[in-house]
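The structure under discussion appears below in the form of structure tokens.
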2 protein chains.
Amino acid sequence: MATRQREISVAEFFTKNRHLLGFDNPKKALLTTVKEAVDNALDACEEGGILPEVFVEITPEGQDRFKVVIEDNGPGIVKSQIPRIFGKLLYGSKFHRLKQSRGQQGIGISAAAMYGQLTTGTSCRIISRTGPKRPAHYFEIHIDTKRNAPEVVKDEVVEWNREHGTRVEIHLEGIFQRGRRSIEEYLEQVLIANPHVTLHYKAPDGQEMYRKRATEILPIEAAEIKPHPHGIELGLLMQMLKATRARNLKGFLTTEFARVGPTIAETICANAKLPPTARPSRIARQEADALYRAVRKTKIPRPPTNCLSPIGEELMLAGLKRVAGKAEFSTAVSRNPAVYRGNPFLVEAALAWGVEGRDADSPADLVRFANRVPLQYQQAGCAITKAVVGLNWRAYGLTHPRTALPQGPLVIAVHIASAWVPFTSESKEAIASYPEILKEIRLALQECGRRLGIHIRKKARIADAEKKRSYIQTYIPQVALALQQILSLSEASTKKATRNLTTILEKSRKF
Amino acid sequence: MATRQREISVAEFFTKNRHLLGFDNPKKALLTTVKEAVDNALDACEEGGILPEVFVEITPEGQDRFKVVIEDNGPGIVKSQIPRIFGKLLYGSKFHRLKQSRGQQGIGISAAAMYGQLTTGTSCRIISRTGPKRPAHYFEIHIDTKRNAPEVVKDEVVEWNREHGTRVEIHLEGIFQRGRRSIEEYLEQVLIANPHVTLHYKAPDGQEMYRKRATEILPIEAAEIKPHPHGIELGLLMQMLKATRARNLKGFLTTEFARVGPTIAETICANAKLPPTARPSRIARQEADALYRAVRKTKIPRPPTNCLSPIGEELMLAGLKRVAGKAEFSTAVSRNPAVYRGNPFLVEAALAWGVEGRDADSPADLVRFANRVPLQYQQAGCAITKAVVGLNWRAYGLTHPRTALPQGPLVIAVHIASAWVPFTSESKEAIASYPEILKEIRLALQECGRRLGIHIRKKARIADAEKKRSYIQTYIPQVALALQQILSLSEASTKKATRNLTTILEKSRKF
């Protein structure tokens, strides 16, 4: 038995478990490949402070095989990094920092390359250039799954018409379909959450799509932050104590964590009964445990929230209009940042009611976003869905079957922005149901719902009033006639009576 | 930016994403830890051909911390392997082979150790002994998450009263609760699918549970098989061609794959227009592609199924009785093996109807197993649930609301055995919905349902007949009297008429 024990490379693991990465079936594999590449392109452009222009081209290559090309005008990738970024799983710049970005695991694009290699045996091809004065590098990269390491098949300098940017080419087995959960749907939703993006798309059937950016303003760039003390676990704290360059405990606390100034650092030390001058590397488990509990006890301001870049109510509304089309009423709410496990996050919600072409007894449409990325699969397993279903929409005058989405001509959009979004799987299709997150989504939806409720009730009242007026108009003349006969009034006084009755009754109306 | 790019260790990845491994919250973390350790214990015992006797002890250590100890009478672990098995993620003997076992990823137990270390800073402690003449080794192992490598804190020979076996001790933050999705529930369900196990359990509240094995017979040990050609992807095939020791293509095909004899190998080569004598290492991508397509085209017998170890209808029924208690009707079906992506698998289903103490309009209870391991979480996302919900239970006389479980005093148990179970996440809580798997579950349930339907209809008919009989008994005498009066018959002939009428009508009854 002993001899059989051996290491499993991450690449081997995810090859066998590729449904965990969104490569369950050929249709989804094609979508996931486009998705990962586009997400990376947008991240790169924004980090480079460049308004993104992205080209997506899918070309059929017979027998369920496709060539997928994604090209961006981003800052490009330095030569030395290209092989590992595309040829090694769990490699990247986004995992080890606290900052809102689309990618966060360092798996996506290399996984797509690996899937392509697995299904067509073709290596991933990359062109990247970091500036007009720099050469454009062309790479062909094969992934050695046994070692989870890149093998450079080709490495040349080539001519490229682009001053800076990156071009990825992956050949893979896939199935192309339009409609629900299609690449079109994904791209359209990307534009909703990213109105600053210009997009060119060429589908395998030759159809082309071009969308110019709706705004010239880049989203505020999210800043990188340090971990918040309240999100740290004992084990991690002990690791940081070992790793820190700080010479004493006070210095360690102030330099390694967010929101910890000298005073708070001293309070923590006092609560832990440890001298602020203690050598971090010398702190034993028991002391670390005391420190850990002290941190929990100490009141520390919430983490900074400049690591978040919300879409904003205005753009949420604009985006929603793009999906829903004409609507009778729409509203959006952008919540203040909150914290789960020490990670700042923020929820935005928008809804459109009385959407044209939607009937009253169909369930609402739900559009989900995480860090500006549309989530198309696993709706049932997502915290957003859980919150929508859990809310009492009847209170706002809607039909709402238990354990289901509310009904009506309704479209709901929810966006979660966080320095670390807790997804339920590596394929990043659904958000894990942390209580703090559920609560924030609920609050955002409640506010939208309340406003919708007011609108719906007001409509009902107006309808009422209308009814009443019509009554008045119908019956007053009759009443007048009756009076005329009873009191044998003159035409004139009858008219007068009618006028008076009308005004009195009009006044007596609530509305 | 370049400088920021770096490798992410699997351990770091899963520390941050520990909800993927079943450590979402303190309650689940405690359960998952017990689960992973017990699964390993059972696998070890069965591989060693030993009837498993497992000890589970959970001791509170204040402030939501617990000490979890799992001890087995298995074959033990050779000294050199202990550190990596418990101190390195993605390491083990089960991933690289095709054989039914509970563990298959090489993540579980080291992840539990890592979670313990993360939340309490305490290393994992192991005692293991491989035989009476061998020493018992005691290890304290710390996981270096940055390198995903074990650090041996302590390594001693100790006295141990056990001749062979393994003892794991993990200290972790957790919450202990009884009831649904509890450790008790898990252990009870383990016994249902593993009647050959003897179990001792001591809960943190001091309560003890002891269950002697219900059978002295070990399950048939599952054999290890080679991959089936129809399950191989092009990329993998190319990898195997490079790696093989076989000198020629024919040899490669016959030695590396299941169900490929000389004749089939030659047919494949012919279909691929490649000489059987070709050097595997020399085969280029295009040729490999041809070979790949040839394999697809060639008719090859289904994979051997001795890699599967079903529970069997009899034990499924016995197990079901343990959960359901007294039931009016119960039945079980064990399907023949089938194949998905080249992996043999097999579905077993059992149901109990008219279960005492369950009311008619509550949804059915569903108990799910994969390779004899109970699945307690993510029921909604599981292929088993999908199949149960998708079936038309009305056809069998049951109430069945759309998109929900059928209703009634009903308990359903489904077991999937496979050399590779495709789970929807590393926490192994739900099975991915591969069409072939869904189909097999459906077929098993249909057979159970059909039998249940017969029972339910028969019951209805009996009730009917009863009604009819009572009618006959009530009215015949009246009829007879009437006749007597009309035809003024004698007492005797009246009695005779009654007798005859009765027999005629009795005959005329269907039942």
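The structure presented is a predicted model; accordingly, all values stated were derived computationally and were not measured. Numbers restart at 1 for each chain; the letters A, B, ... are given by sequence-line order, proteins then strands.
Of all the listed residues (A:D24, A:D144, A:I85), the one sharing the greatest number of non-hydrogen pairs under 4.5 Å with chain B is A:I85. Between chain B and the options A:Q378, A:R341, A:K146, heavy-atom pairs under 4.5 Å are most frequent for A:R341. Most heavy-atom pairs under 4.5 Å with chain A: of the set B:K88, B:E173, B:M114, this distinction falls to B:K88.
Between A:T119 and B:L234 the shortest heavy-atom distance is O-CB, 3.9 Å. Of all heavy-atom pairs spanning A:T424 and B:L20, the tightest one is O-CD2, 3.2 Å. The minimum heavy-atom distance linking A:N17 with B:W420 is given by the pair OD1-CZ2, 3.1 Å. Taking each heavy atom of A:E12 and B:F95 in turn, the nearest pair found is O-CZ, 3.6 Å. Between B:L118 and A:L236, the shortest heavy-atom contact is CD1-N, 3.9 Å. Shortest non-hydrogen contact noted between A:E7 and B:H96 is O-NE2, 3.4 Å.
To the nearest 0.5 angstrom, A:T120 atom OG1 is 6.0 Å from B:R285 atom CZ. Interatomic distance, B:L89 CG to A:F13 CZ, rounded to the nearest 0.5 Å: 9.5 Å. Between the CD atom in A:Q63 and the CZ atom in B:R296 there is a gap of 12.0 Å [rounded to 0.5 Å]. Going from atom CG of B:N343 over to atom NZ of A:K16 covers 7.5 Å, rounded to the nearest 0.5 Å. Taken from CD1 in A:I107 to CD1 in B:I8, the straight-line distance is 7.5 Å, to the nearest 0.5 Å.
At a 4.5 Å heavy-atom cutoff, B:K94 makes no contact with chain A through either its backbone or its side chain. Contacts of A:I77 with chain B are absent, with no heavy-atom separation under 4.5 Å from either backbone or side chain. Only the side chain of A:E224 comes within contact range of chain B, with heavy atoms under 4.5 Å apart. B:S427 does not touch chain A: none of its heavy atoms, backbone or side chain, sits under 4.5 Å away. Heavy atoms of B:Y292 lying under 4.5 Å from chain A belong exclusively to its side chain. Heavy atoms closer than 4.5 Å to chain B are found in both the backbone and the side chain of A:T122. The parts of A:Q105 that come within reach of chain B are both its backbone and its side chain, each placing non-hydrogen atoms under 4.5 angstrom from that chain. If you measure heavy-atom distances from A:L237 to chain B, you find no contacts under 4.5 Å at all. Contact of A:R293 with chain B is made through the side chain alone, with heavy-atom distances under 4.5 Å.
A salt bridge links B:D289 and A:R65; the closest N-O separation between the charged side-chain nitrogens and carboxylate oxygens is under 4.0 Å.
More than 12 heavy-atom neighbours from other residues, nucleotides or ligands sit within 6.0 angstrom of NZ on B:K27. Heavy atoms of other residues, nucleotides or ligands lying less than 6.0 angstrom from NZ of A:K297 number more than 12.
A distance-only check finds no donor-acceptor pair linking the side chain of A:H19 to the backbone of B:Y434 [under 3.5 Å]. With hydrogens and angles ignored, the 3.5 Å screen pairs no side-chain donor or acceptor of A:R84 with any backbone N or O of B:Q5.
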inquiry  = As a quick check of understanding, evaluate side-chain contact (heavy atoms from CB on, under 4.5 Å) for A:E426 and B:E426, giving each step before the final call.
reply    = CA-CA 10 Å; A:E426 289 87 345; B:E426 291 87 343; 2.2 Å; yes
